Amino acid sequence: MAELPKSYNSQETEEKIYKNWESNGYFHAQVNPQKTPYTIVIPPPNITGILHMGHILNNTLQDVFIRWKRMQGFEACWVPGTDHAGIATQNVVDKALRKEGTTIRELGREKFLERVWEWRTQYGGTINTQLRKLGVSCDWQRERFTMDEGLSNAVKEVFVRLFDKGLIYRGKYIVNWCPREQTALSDDEVNSVERKGHLWYIKYPIEHSVESIIVATTRPETMLGDTAVAVNPKDDRYKHLIGKNVVLPLANRVIPIVADDFVEPTFGTGAVKVTPAHDPNDYQAGIRLNLPQIIIMDTSAKMNKNVPLKYQGLDRYECRREVLRDLEKENLLVKTEDHVHNVGHCYRCDTVIEPYLSDQWFVKMKPLAEPALKVVLDGKIKFYPERYTKIYENWLTNIRDWCISRQLWWGHRVPAYYAPDGNFTAARSLDEAYEKLKIKSPNIKKEDIRQDDDVLDTWFSSWLWPFSVHGFPEQTDDLKYFYPTDTLVTASDIIFFWVARMIMAGLEFMGEVPFKQVYFNSLIRDGQGRKMSKSLGNSPDPIEVIGTYGADALRFTVMFLAPEGQDVLYENEKCEIGRNFANKIWNAGRFLMMNRDQLPIENDQLAIVGSKPSEDLTDQWILSRFNSTVKDVTNAVENFQIVDAVKTLYDFLWKDFCDWYVEFVKIRFQESNDVHLKRAIINRALKIYEETLKLLHPFMPFVTEEIYQHLAERKTGDTIMRASLPAVDTTLIDTEIETQMDFLQNVISQVRTIRSEMNIPPSKTIDFVASCNDFDKQTLLENNRNLLQKLCKLESISIGTALPKPGYSASSVVKGQEIFVPLKGLIDVDVERERLQKEIDRLEGQLKGVMAKLTNQSFVGKAPADVIEKEKSKQQNFQQTIEKLKINLEQLVG
RNA sequence: GGACGUUUAGCUCAGUUGGUUCAGAGCGUUCGCCUCACACGCGAAAGGUCGUAGGUUCAAGUCCUACAACGUCCACCA
């Protein structure tokens, strides 16, 4: 086989490999009664979205789980798709239209929707093309879109069901209104920004009295819509005024003074003007106190006919100036204070949000929330990290009704129908609406029925995602087989908007939880911990990163950096971790294959290994380490501890396998003249290597596949992504072997340290003396002279019991065994003295701690016997080692 | 204001039920090496009173309490 290039080239391999996987249908899952399904539904990215770093970790993790389960023999199904993203998409197209000199309204609903669909066809798939570059093994044949026909049917179906059940109602509500976009916004579409404003103190005269009451407000123009003044019932200053009326200045209306707990006596004057139609708090108070609601602005935030004539038609801010001027004239403006407060802004156009009273559709959430809370508290759905359970509980127990209507055109049109007489109903179709409305309005004509103009909140389709993608409301085979799904991987910021609602919908419409585990992945921030944002320009383009470092490198790096439940501080350069690792793996394989391929061709290839267990210590050791690794990685993945899994693999491959085992193999291979032995050595190494690649594959799919294909002649369809994960053989995990190896490695490291500290040139060979007091350790050294000799560059080796210390030698004590490196003429006595003294000091410190315990009567009296024993043996070891080091220090020169 | 989280080496983080040489890793830094897989590499070193103050315990990085700093979410005082 041809020799591999010197370093792994991700660009040359990734696309080729992905195409092969996808075109052969390896990602496709189907109903298979022989297998257990494992399902993930992707958090559908917006069609307006382009791939950003946030998607990377999220989708990498899903891919890890899917590939892992697939290699475990599950029917692994990962359903991809996109979200129609109401406002975002409408805005994008709106912008395009404006460039062309037209507007949404000019175009009209139908034409506009055509345009959006066109746009979607052209650009809506961008993100999925990009996702493929990450190597995700989504079942692209199952790709769904929240507005496609099936999902739209699901939306209608649940709307009607909820309506018929009385869980959807129409009502007035204060919504976040953007006067520029002309639509309601959900709370998450509002950015709260701290702004410097003013607090104005306004005098309201009491009716039939010379007294007055002063209120403080940040929005004086809304006084024109006041319908009460509220004070705290416990506030002695105002108790006598409760029940009286004030004459509202400028508007000259008489409004009552009322009492309510929501008033904070310490803020402002302790008296609040109440504007139920233009403030969410006042709205709530207004409901409690049964106050009228006066809407004083139109949808563009211009004052309407409910205010005195002189203010009508003014913009809210113009009106504010006028109102203040007029109040001043009438001597009713008592004072003005600077005041910093939070103001809601539209996340699209940054216009200040106007709380606006309007007709909206709502879902009653309480009946849905209760079962949804129960399944999480009962552990039927588990959250990782677990602490999100509390956050979830908190939200669900204080849940408020869900405003589901949006004044947009792009989205699922509200399937509600109105009769001319005002009756309305919800229906899956006009015909159904007609049948339903006929009952209440017998004289109705079908053509007079009007469908609601609004569309539904985008989340109203997303919350059905786990089952709508599989054909709901039809009871399809897919739905029966793949639902409930297994693991949901998402960011924690949509726990309420999406996760909680999916749980509710799953229970309500399927009678079954939508998934069993929710894994909340970390948020990606920049190197300074700031959020990634376009305006900061700190959001790297993942496609560029993949081009530079490779998809595996990016995947590995974000997993490697992502602490559980914490944010990831990411910068592009960190991808070197992943790239270097991929390259390391590549070269280990390259080296092993090079050695194998120089041997005469035989048919046994990999078969020979496994037939007979190796008696070689290094083989036994690496098998032990390998099986530990399989065990640990498996545990970590099953418990969603991905960083641990990734680090375990990294350490095993780099340290155990490359730094030590491959070095051992080199030596053994070079020493041997027996072709069969050589083949056995190299094939054993390759076998472990190949199995490790499989274990690593879910994390780094491309490089592992590429090497796998080079490792042997593969038949069509023999691909690593369809291989089985290595099974752990715990009988091969051998602590005795590992202890022996640990000793050997320590000895080698000590000699290397001496070389380094004494500035021995790497090319120079040195002598080595080991004076042992432990027969097993002595034998161990004897048996591995070859390794010592090569790895420490030794000229001569003498191993024995109680050997004398050669003059002018550097020394060290490893597990009670003394090692000497005679360095006459080379030794720097001062350096060696310092080195030994430092070690003595360190050990004496440790000894002191041990002695303190052992002389402490309460420790000896109360600690368990085995702990005391351990301390005693530590004491002995420390003392003996210190003693040896001290002697060596004294005899340094002699 | 409420809830949650974090605080360990210059940086980013591990440290599972308190007790194995427990004070660790990677990056960065320093020193030496292009050693026939890999300089995207190899070998070695320096570097920390584990946020602060108490407490529990024979024993605390680990458990409890308070405080501080930072972060996130929720609710937001008009």
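Since this is a predicted model, take the numbers as computed values, not measurements. As a basis for the values below, the full set of heavy atoms in this structure was taken, side chains included, without hydrogen atoms, waters or symmetry mates.
- The side-chain tip of R752(A) points at the ring of W660(A) from less than 6.0 angstrom away and within 45° of straight on.
- Applying the ring-ring contact (aromatic ring centres under 6.0 Å, His included) rule to F591(A) yields no partners; only residues at least two apart in sequence or on another chain are considered.
- Counting only heavy atoms from C-beta outward, the side chains of K793(A) and I766(A) never approach each other to under 4.5 Å.
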Show me the protein contacts with nucleotides 4-10 of chain B, counting only N or O atoms at under 3.5 Å.
residue : atom : partner : partner atom : Å
G5(B)   : O2'  : Q566(A) : OE1          : 3.0

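- You won't find any donor-acceptor pair under 3.5 Å spanning the side chain of E871(A) and the base of A59(B), going by distance alone.
- Residue contacts for L561(A): at a heavy-atom cut-off of 4.0 Å it reaches no nucleic acid atom on any strand shown.
- In the set G19(B), A78(B), U21(B), the nucleotide with an atom closest to the side chain of L843(A) is U21(B).
- Not counting sequence neighbours, F669(A) has no partner by the ring-ring contact (aromatic ring centres under 6.0 Å, His included) test.
- For K862(A) against A59(B), no side-chain N or O and base N or O form a donor-acceptor pair under 3.5 Å.
- Y392(A) and F383(A) have their aromatic ring centers within a separation under 6.0 angstrom.
- Residues V558(A) and V568(A) fail the side-chain proximity criterion, which asks for heavy atoms closer than 4.5 Å.
- The stretch residues 641-658 of chain A participates, sequence neighbours left out, in these salt bridge (Lys or Arg N to Asp or Glu O under 4.0 Å) pairs: R625(A)-D656(A).
- Under the rule for a salt bridge (charged side-chain N to carboxylate O under 4.0 Å, His left out), the partners of D567(A) that lie at least two apart in sequence or sit in another chain are R525(A).
- Looking at residues two or more places apart in sequence or on another chain, you find a ring-ring contact (aromatic ring centres under 6.0 Å, His included) between Y650(A) and F556(A), F560(A), F581(A), W654(A).
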Tell me, what's RNA chain B's dot-bracket, Watson-Crick or G-U with both distances under 3.5 Å, | for other-strand, [ ] crossing?
-> (((((((..((((.....[....)))).(((((.......))))).....(((((..]....))))))))))))....
Heavy-atom contacts, protein to nucleotides 43-50 of chain B, under 4.0 Å, summarised as B (base), S (sugar-phosphate only) or - (none) per nt, yield BSSS----
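- Screening residues 847-868 of chain A for salt bridge (Lys or Arg N to Asp or Glu O under 4.0 Å) gives K853(A)-E871(A) as the qualifying pairs, with residues at least two apart or on separate chains.
- In this structure, the nucleotide among C76(B), A37(B), G26(B) sitting nearest to the side chain of R400(A) is C76(B).
- Near RNA chain B, meaning a heavy atom under 4.0 Å away, the residues from residues 577-589 of chain A are R579(A), N580(A), N583(A), K584(A), N587(A), A588(A).
- In this structure E354(A) satisfies the side-chain hydrogen bond (donor to acceptor under 3.5 Å, both in side chains) test together with R219(A), H278(A), R316(A), sequence neighbours excluded.
- Here K870(A) pairs with nothing under the salt bridge (charged side-chain N to carboxylate O under 4.0 Å, His left out) rule; sequence neighbours left out.
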